[in-house]
Q: 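Let me give you the structure first, and then I'll get to my questions.
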Amino acid sequence: MLTKEMKDLLQSAQTYGWVMEPFAKQLLALAGMDVPQFTWARSPDEAISFARKVGYPLVMKIVSPQVVHKSDIGGVVVGIDDDLKLTNAFNRMSKVNGFSGVIAEEMIKGIELIVGATMDEQFGPVILLGLGGTTAEIYRDISLAMAPLCEADVSKMIRCLKAVPLLEGFRGSERVNIEALKGLVIRFSEFVMDLGDTMESLDLNPVMCSAERCVIADGRIMVRT
C-alpha cells in the first residue's frame, strides 16, 4: 500500500509525466528495495561533502525535469575518483537546460540486470526481467510474467534467461545473490500493483547484482497525467 509520503513523491511527477531520479530512488527505497547511498547535490561542495562520507569512486548523474534519458546527453559519469573530476563533471552538467543539481552516489559493482513493468490494456501490469545496462537492447535476453508475482514465478523467470549461467557463477565467476534478486523482483511487483493505473511504465536499469546485494543503480517511473 502506498503511504502518504510515497503519494506525495508521486504527485511531484504530474507536471512532467515522470518521476525525477532522486524522488524515484526515495520511492523505491520506501517500497523496500535496495538503492545506493546517494545525495541530491546542488553545488560541487555538497557533492564533495558526500564523497567525504562514502568515499570515492562515485557516480554522478544530472537531475533535470527536461532530461529523461541522461546517458543520451552525457549526463552520467562513472568512476569519479577525486574532487577535481567531480567538480568538472558538475560544472559541465550545470550548463544543461533545466539543471536542478546532480545525484552523487556510491559506485556499485555487479552483473547488470533490468527489471521493468508496463501496463497492458488487456492483461494489466506485465513484469520484465533480463540482462540490463547498455547491452539490454542488443541481447534482448528477457522473460515476462503478469503481476502480481510469487517466489515461484520469479524463479521461473530467472531460469528462462539465457544468461542464467552468469548469475549462477559461470566458469568460477562470482555467483549473484539469487535470494536478494528474487526479493527485489517480488517487492517490485508489489509496488507496481500498488501504483495501479497511475503507472505508465517503470524501468530499473541497471540493477547491479553481486554475491552480497541487488541494488537499483537507476530507476525511471513514467506516470499517467
Side-chain angles (χ1 to χ4, degrees), residues 21 24-39 50-61 70-71 75-82 85-86 89 103-117 127-145 147 149-192 202-220:
E21 189 177 352
K25 286 274 178 66
Q26 291 179 54
L27 274 166
L28 295 167
L30 288 168
M33 288 171 267
D34 197 358
V35 302
Q37 296 182 75
F38 75 92
T39 191
F50 175 76
R52 296 285 184 272
K53 295 177 183 177
V54 302
Y56 288 112
L58 295 179
V59 178
M60 181 178 286
K61 292 177 280 187
K70 298 181 287 292
S71 58
V76 179
V77 181
V78 301
I80 294 176
D81 57 10
D82 61 40
K85 291 178 182 177
L86 184 153
I103 280 186
E105 66 183 28
E106 62 174 325
M107 192 166 172
I108 305 293
K109 295 182 179 180
I111 294 176
E112 295 185 348
L113 300 178
I114 180 172
V115 180
I127 307 295
L128 174 150
L129 172 66
L131 278 185
T134 56
T135 63
E137 295 181 5
I138 297 174
Y139 295 112
R140 297 186 181 276
D141 183 12
I142 62 171
S143 57
L144 301 171
L149 302 178
C150 65
E151 184 173 352
D153 297 324
V154 180
S155 295
K156 183 177 180 180
M157 292 177 76
I158 294 171
R159 291 196 304 271
C160 286
L161 296 175
K162 296 176 184 176
V164 69
L166 293 176
L167 306 181
E168 294 177 341
F170 183 67
R171 291 190 176 181
S173 62
E174 186 177 64
R175 175 185 174 91
V176 308
N177 189 327
I178 297 294
E179 293 305 312
L181 176 58
K182 289 180 184 178
L184 183 144
V185 177
I186 289 171
R187 284 186 287 275
F188 176 79
S189 169
E190 294 169 347
F191 181 54
V192 167
L202 208 171
D203 291 299
L204 313 181
N205 185 28
V207 174
M208 308 298 292
C209 282
S210 67
E212 291 78 34
R213 313 165 62 187
C214 283
V215 187
I216 302 166
D218 201 355
R220 185 170 68 245

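What you are looking at is a predicted structure, and each value in this text was computed from that prediction instead of being measured.
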Q: Where do F38 and I103 come nearest, in terms of heavy atoms and distance?
A: CB-CG2, 4.2 Å

Q: Are the side chains of M157 and L149 in contact, using a 4.5 Å heavy-atom criterion?
A: yes

Q: Show, in sequence, the C-alpha distance, side-chain angles and deciding distance for E105 and E21, and conclude whether the side chain to side chain contact (heavy atoms under 4.5 Å, CB included) test is met.
A: CA-CA 12 Å; E105 66 183 28; E21 189 177 352; 4.3 Å; yes

Q: Within this structure, what is the CG-CG distance for the pair L204 and L128, rounded to the nearest 0.5 Å?
A: 10.5 Å

Q: CZ of F188 to CG of L129: how many Å apart, nearest 0.5 Å?
A: 10.0 Å

Q: Please report the shortest heavy-atom distance between L86 and A51, naming the atom on each side.
A: CD1-CB, 4.5 Å

Q: Once rounded to the nearest 0.5 Å, what's the spacing between atom CG of D141 and atom NZ of K162?
A: 6.5 Å

Q: What distance do D34 atom CG and I108 atom CD1 have between them, rounded to the nearest 0.5 Å?
A: 7.5 Å

Q: Mind checking whether K70 and D218 have side chains closer than 4.5 Å, heavy atoms only?
A: yes

Q: Check whether any side-chain heavy atom of K25 sits under 4.5 Å from a side-chain heavy atom of P36, and report yes or no.
A: yes

Q: Any heavy-atom pair between the side chains of I158 and V164 that's under 4.5 Å?
A: yes

Q: SG of C160 to CG of L144: how many Å apart, nearest 0.5 Å?
A: 10.0 Å

Q: Check whether any side-chain heavy atom of L181 lies under 4.5 Å from a side-chain heavy atom of V154, and answer yes or no.
A: no

Q: How many angstroms lie between CD in E179 and CD in E151, if you round to the nearest 0.5 Å?
A: 5.5 Å

Q: Do E174 and S210 have side chains that get closer than 4.5 Å, going by heavy atoms?
A: yes

Q: After noting the C-alpha distance and the side-chain angles of L166 and L161, does the key distance pass the side chain to side chain contact (heavy atoms under 4.5 Å, CB included) rule?
A: CA-CA 10 Å; L166 293 176; L161 296 175; over 6 Å; no

Q: Contact between L113 and V176 at the side-chain level, heavy atoms closer than 4.5 Å - yes or no?
A: no

Q: Go through the steps for E190 and R187 under the test salt bridge (Lys or Arg N to Asp or Glu O under 4.0 Å), then give the verdict.
A: CA-CA 5 Å; E190 294 169 347; R187 284 186 287 275; over 6 Å; no

Q: What pair of heavy atoms forms the shortest contact from Q37 to E106, and how long is it?
A: N-OE2, 2.8 Å

Q: Ignoring hydrogens, what is the shortest heavy-atom contact between C214 and N177? Give both atom names and the distance.
A: SG-O, 4.0 Å

